[in-house]
Amino acid sequence: RSALLDEPARSASAPAADAPSLTPRQRDILALLATGATNAEIARELQLGPETVKKQVSALYRKLGVRNRTEAVAQARS
């Protein structure tokens, strides 16, 4: 995932101090968002329903404090 987001790998035991705590599924979704995948593509890749992806993306936006995919990916890269 770190490679997809162009950021250095972090150990699971040492997250960044100001990083929101994302679930493993939200991290998977964020990694796919960074590739430009649509909700439908994410649903197929992760074997989820489209509505589940939509809800997870909304929760991800709330946790990151962003309003759209572009902001979410930029936040993850910083």
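Remember, it's a predicted structure, so these values are computed and weren't measured experimentally. In what follows, every heavy atom counts, from backbone to side chain, and hydrogens, waters and symmetry copies are set aside.
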When rounded to the nearest 0.5 angstrom, what distance separates [atom1] in [X] from [atom2] in [Y]?
{"X": "L60", "Y": "Q75", "atom1": "CG", "atom2": "CD", "result": "10.0 Å"}
{"X": "L30", "Y": "Q56", "atom1": "CG", "atom2": "CD", "result": "12.0 Å"}
{"X": "R27", "Y": "S21", "atom1": "CZ", "atom2": "OG", "result": "8.0 Å"}
{"X": "E71", "Y": "L64", "atom1": "CD", "atom2": "CG", "result": "10.0 Å"}

### Query
Going by heavy atoms in the side chains, are L48 and R25 under 4.5 Å from each other?
yes

### Exercise: do R69 and N39 side chains pair donor with acceptor under 3.5 Å
yes

### side-chain contact (heavy atoms from CB on, under 4.5 Å) partner of L32, the single match among V53, V57, L46
L46

### Task
Measure across A34 and V73 and return the closest heavy-atom pair with its distance rounded to 0.1 Å.
CA-CG2, 3.7 Å

### Message
Quick check: closest heavy atoms across A59 and Q26, and the distance to 0.1 Å?
### Response
CB-NE2, 3.6 Å

